[in-house]
Structures are given as structure tokens and as C-alpha cells.
Amino acid sequence: MRRLENKIAVVTGAGRGIGRSIAIRFAQEGAGVVVADLDAPSAARTTAEIEASGGRARAHAVDVGDQAQVEELMASTVRDGARIDVLVNVAGVGLTKLILNTTLAQWEHVLRVNLTGCFLCSQAAARVMTAQGCGKIINIASLSGQRGGTGRAAYGASKAGVTMLTKVMAVEMAPYGITVNEIAPGPVNTEMTAVTHDEATRNAYHRLIPMGRYAERDEIAAAAVFLASSEADFVNGHTLNVDGGFAAAGLIFDLKE
Ligand SMILES: NC(=O)c1ccc[n+]([C@@H]2O[C@H](COP(=O)([O-])OP(=O)(O)OC[C@H]3O[C@@H](n4cnc5c(N)ncnc54)[C@H](O)[C@@H]3O)[C@@H](O)[C@H]2O)c1
């Protein structure tokens, strides 16, 4: 039995990276997926890939920071499939910049996409889900929202904001049968980190992560499938770290006895 049979899921940032892997896994588990991304060609590519392997998908170009576009995303999904069972907020942008060098424009862009985008999509989907009396919202946060890493002022603050939004929404949405959870990955091998993480960054991460490597995208997608499935019906307001033990670790060294 597939775990998301007949569900309708909206996945933002699904043109590439973690969002693409989540969209593909959801389709394999039986969901009809709305592949939403700022980059229309990449959304079309993910959609074509899903359809080529027998899945159901529709591409939708959207800027998650634009309220009118987000409302149209949810409205068109309801027109198409009459419901939204799952929303996964994956769309995000990275920034590694010392706070002294972070411009207001950079700060506002990161907050707009990562936090305001999550708020707008969650609010619009929740309005549909409250009418349905059920739904699941999954946010992709980050270990950078839990720990103070160099250069992570704007990015970390945006993801810490996502974590609190997850908790407050979990409380407010529970009476409507809606759960709100988040996945906090440590570093993941994606198109984004291929460009932004140099060897020094990778080595620094490897030393801090007990499992000594980055996550693969499918490992994040597997957690998303769990949170979207009925197996997670009583999981609410939870942060599921998928980080190889990064958050749990303190001092790591070779002890000989
Ligand atoms: N890669 C990592 O190591 C890592 C770790 C922790 C958390 N995350 C988070 O996971 C999510 C995905 O990361 P990724 O590495 O796959 O990134 P990515 O850059 O590979 O993919 C992000 C996608 O989001 C889309 N996007 C950007 N701005 C958008 C907007 N305004 N509206 C709609 N779509 C938009 C992009 O077009 C792209 O397809 C992000 O929220 C990121 O912060 C990533």
C-alpha cells in the first residue's frame, strides 16, 4: 500500500534540490503533486519527470513571497483537485555573510523568501485545510536556525522564525485536525551546497557531524513522507532533525581507552 495514495500535495521549491526529491517521492507514494517554484522551467522538468514515471503532477510558477501569487497557487490547486492534503514549504534561499557585511536588501530578501514565504503559503493552505477539517503542513527549517553558525545571521534568523511559526501554527491548527511539523536538515548535498560550500566549509561540517557526511536529498524526502503520512497523525509541533547527529553532538574526539 502506497503511503500517500490519493492525497493532493503542494511542494514549494520543487524545481530542484530537496523540494524536487520530495515531489518525486510523494508521487511515488501515490500523491498528486503541485510542483511550485519561482523557476518555471525547473518546475516543468520535475513535473515531466514525475509524469514520465507514471505519477501525477502539475507545474505552477510562483514567488512564495508574493501574497497574490500564493493565493492563486492554492486556489488553482483546489479548482483542480478540490482539496489540499499536504503542504511542504521547501522554497528557500541561502546566505553566508558576516553580520557586519549583511546589507538590508540581503537581510530582507532572505527573510521574505524563507520566513514570509512560509507564512503566506501556510496561511493560504490552512484556510483550505480548516474548511476540509484535515491537513498536514511540513516546513523545511535548518540546523542553522538552532545553532549560531558563522555567517548565518539572516539565514539562521529566518529558519529560527520558521521553527516558532511551526509551533504556533501547530497549536492554533490542532482544533481543525491540521498538524504542523518541520524537518531541520544539517547540510545536504544539493545544487545549492554544490556551489556555496567550499572544501573548508565541508571539512568544518564533517568534524561536527558524528556520521561524518552530508545528508542526501532522499534522506530528507523520506522524513517528509513520514510526516505527510497517516503514520504521523499524532505528531504535531515537532522538529525532526535529519542531521547525522549534528544537533546532539558536543565534543568529538578519538578516545583510546
Ligand atoms: N541544502 C542544504 O544543505 C540545506 C540544509 C538545511 C536546510 N535547507 C533548506 O532546504 C530548502 C531547499 O534547499 P536546497 O538546498 O534544495 O536549495 P536549492 O537552491 O537547490 O532549491 C531551492 C528551490 O527554491 C526555489 N525558490 C527560491 N526562491 C523562491 C521563491 N521566492 N519562490 C518560490 N521558489 C523559490 C528555487 O528556484 C529552487 O528551485 C531551503 O529552504 C533551504 O534553506 C537546505
Side-chain angles (χ1 to χ4, degrees), residues 10-25 34-47 49 59-70 72-74 87-96 108-122 124 138-147 149 151-152 154-163 165-166 182-198 201-202 204-206 208-209 213-221 223-224 239-244 246-247:
V10 176
V11 183
T12 71
R16 67 175 208 178
I18 293 168
R20 172 179 165 275
S21 293
I22 291 173
I24 290 170
R25 273 298 308 271
V34 178
V35 176
D37 203 289
L38 183 65
D39 184 48
S42 69
R45 275 196 299 279
T46 303
T47 301
E49 215 179 321
H60 191 110
V62 67
D63 175 356
V64 295
D66 182 307
Q67 187 166 29
Q69 290 186 32
V70 167
E72 177 50 27
L73 165 67
M74 303 307 168
L87 165 70
V88 193
N89 286 302
V90 192
V93 289
L95 181 72
T96 304
E108 286 184 339
H109 179 61
V110 172
L111 269 287
R112 178 180 181 275
V113 179
N114 295 1
L115 182 55
T116 306
C118 186
F119 159 71
L120 289 174
C121 290
S122 299
I138 302 162
N139 299 323
I140 305 298
S142 173
L143 253 282
S144 294
Q146 300 174 17
R147 303 182 69 166
R152 295 311 225 187
Y155 182 78
S158 74
K159 293 299 185 177
V162 168
T163 296
L165 181 62
T166 301
E182 70 177 12
I183 296 167
V188 185
N189 278 321
T190 67
E191 289 90 337
M192 186 204 265
T193 53
V195 176
T196 56
H197 289 198
D198 60 12
T201 309
R202 284 176 186 274
Y205 271 126
H206 289 164
L208 289 168
I209 298 170
R213 65 171 176 85
Y214 282 29
E216 297 304 330
R217 285 166 280 205
D218 283 349
E219 293 172 317
I220 311 302
T239 299
L240 177 50
N241 286 350
V242 182
D243 66 352
F246 186 8

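We're numbering straight along the sequence, starting at 1. Atoms within a ligand are numbered from 1 in the order they appear, just like the ligands themselves. Everything numeric here is computed off the predicted structure, so don't read it as measured data.
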**OP:** Measure Ile18 to ligand 1 on non-hydrogen atoms and call it side chain, backbone, both or neither using the 4.0 Å cut-off.
**Re:** both

Original post:
Under a heavy-atom criterion of less than 4.0 Å, does Gly186 contact ligand 1?
Top reply: yes

Original post:
At a 4.0 Å threshold, what atoms of ligand 1 neighbour a non-hydrogen atom of Thr193?
Top reply: 1 (N), 2 (C), 3 (O)

**OP:** Indicate yes or no: does an N/O atom of Val64 lie under 3.5 Å from an N/O atom of ligand 1?
**Re:** yes

Subject >> Nearest candidate to atom 29 (C) of ligand 1, where distance is taken over non-hydrogen atoms, out of Asn189, Asp39, Asn89, Leu38 >> reply: Leu38

**OP:** Just jot down the ligand 1 atoms closer than 4.0 angstrom to any heavy atom of Pro185, in number order.
**Re:** 6 (C), 7 (C)

Subject >> Flag, side chain of Thr193 to backbone of Val188, donor-acceptor distance under 3.5 Å >> reply: yes

Subject >> Set of residues satisfying side-chain hydrogen bond (donor to acceptor under 3.5 Å, both in side chains) with respect to Asp39, sequence neighbours excluded >> reply: Ser42

Original post:
Do you know the tightest heavy-atom contact between Asp63 and Val70?
Top reply: O-CG2, 3.9 Å

Subject >> atom 38 (C) of ligand 1 - nearest protein heavy atom and its distance >> reply: Asp37 OD2, 3.5 Å

**OP:** Indicate yes or no: does an N/O atom of Ser42 lie under 3.5 Å from an N/O atom of ligand 1?
**Re:** no

Original post:
Which protein heavy atom lies closest to atom 17 (O) of ligand 1, and at what distance to 0.1 Å?
Top reply: Met192 CE, 3.5 Å

Original post:
In terms of atom number and element, which parts of ligand 1 are under 4.0 angstrom from non-hydrogen atoms of Gly13?
Top reply: 23 (C), 24 (O), 25 (C)

Subject >> Side-chain touch Arg202/Asn189, heavy atoms, less than 4.5 angstrom >> reply: yes

Original post:
Between Asp243 (side chain) and Gly186 (backbone), is there a donor-acceptor pair under 3.5 Å?
Top reply: no

Original post:
Is there at least one pair of N or O atoms, one from Val93 and one from ligand 1, spaced under 3.5 Å apart?
Top reply: no

Original post:
Do any nitrogen or oxygen atoms of Arg112 come within less than 3.5 Å of a nitrogen or oxygen of ligand 1?
Top reply: no

**OP:** Show which atoms of ligand 1 fall inside a sub-4.0 Å distance from at least one heavy-atom site of Gly17.
**Re:** 16 (O), 20 (O)

Original post:
Looking only at heavy atoms of Thr12, does any of them come nearer than 4.0 Å to an atom of ligand 1?
Top reply: no

Original post:
Should you measure from each heavy atom of Val62, which atoms of ligand 1 turn up under 4.0 Å away?
Top reply: 32 (N), 33 (C)

Original post:
Which word best sums up how the rings of His197 and Tyr205 line up, parallel for under 30°, tilted for 30 to 60°, or perpendicular for over 60°?
Top reply: parallel

Original post:
Quick one: which ligand 1 atoms are inside 4.0 Å of a heavy atom on Pro187?
Top reply: 3 (O)

**OP:** Answer yes when Glu191 and Arg217 have at least one side-chain N-carboxylate O distance shorter than 4.0 Å, and no when they do not.
**Re:** yes

**OP:** Please report which non-hydrogen protein atom sits nearest to atom 3 (O) of ligand 1, along with the residue it belongs to and the distance in Å to one decimal place.
**Re:** Val188 N, 2.8 Å

**OP:** Give the residue, atom name and distance (to 0.1 Å) of the protein heavy atom nearest atom 28 (N) of ligand 1.
**Re:** Val113 CG1, 3.7 Å

Original post:
Should Ile140 and Asn89 count as side-chain neighbours, where that means a heavy-atom distance under 4.5 Å?
Top reply: no

**OP:** Please confirm whether Arg152 makes a cation-pi placement over Tyr155, using NZ or CZ under 6.0 Å from the six-membered ring centre and within 45° of the ring normal.
**Re:** yes

**OP:** Record the part of Ala141 in heavy-atom contact with ligand 1 below 4.0 Å; permitted values are side chain, backbone, both and neither.
**Re:** backbone

Subject >> Side-chain heavy atoms of Ile183 within contact of Ile220, under 4.5 Å >> reply: yes

**OP:** Please state which part of Tyr214 comes within less than 4.0 Å of ligand 1, counting heavy atoms only: side chain, backbone, both or neither.
**Re:** neither

Subject >> Short N or O distance, Ser142 and ligand 1, threshold 3.5 Å exclusive >> reply: no

Original post:
What residues form a side-chain hydrogen bond (donor to acceptor under 3.5 Å, both in side chains) with Arg16, not counting sequence neighbours?
Top reply: none

Original post:
Is Val113 close to Val64 at the side-chain level, that is, under 4.5 Å between some pair of heavy atoms?
Top reply: yes

Subject >> Non-hydrogen atom of Ala184 closer than 4.0 Å to ligand 1 >> reply: no

Subject >> Polar side-chain atom of Asp66 near backbone of Gln69 as donor-acceptor pair, under 3.5 Å >> reply: yes

Original post:
In a check of side chain to side chain donor-acceptor pair (under 3.5 Å) between Glu182 and each of Asn241, Asn139, Thr239, which one passes?
Top reply: Thr239

Original post:
What is the nearest protein non-hydrogen atom to atom 18 (P) of ligand 1, stated with its residue, atom name and distance?
Top reply: Arg16 NE, 3.3 Å

Original post:
For ligand 1, which atoms have a heavy atom of Ile140 less than 4.0 angstrom away?
Top reply: 9 (C), 10 (O)

Subject >> Atoms of ligand 1 close to Thr190 [distance to a heavy atom under 4.0 angstrom, numbered from 1] >> reply: 1 (N), 14 (P), 15 (O), 16 (O)

**OP:** Give the contacting part of Val90 toward ligand 1: side chain, backbone, both or neither, where contact means a heavy-atom distance below 4.0 Å.
**Re:** both

Subject >> For ligand 1, the portion of Asp63 having any non-hydrogen atom under 4.0 Å away >> reply: both

**OP:** Report the part of Asn114 in contact with ligand 1, treating N, CA, C, O as backbone and CB onward as side chain, heavy atoms under 4.0 Å; options are side chain, backbone, both, neither.
**Re:** neither

**OP:** Examine the proximity of ligand 1 to Lys159 and report which part, side chain or backbone, both or neither, has a heavy atom under 4.0 Å away.
**Re:** side chain

Original post:
Would you say the side chain of Lys159 lies within less than 4.5 Å of the side chain of Asn114, judging by non-hydrogen atoms?
Top reply: yes

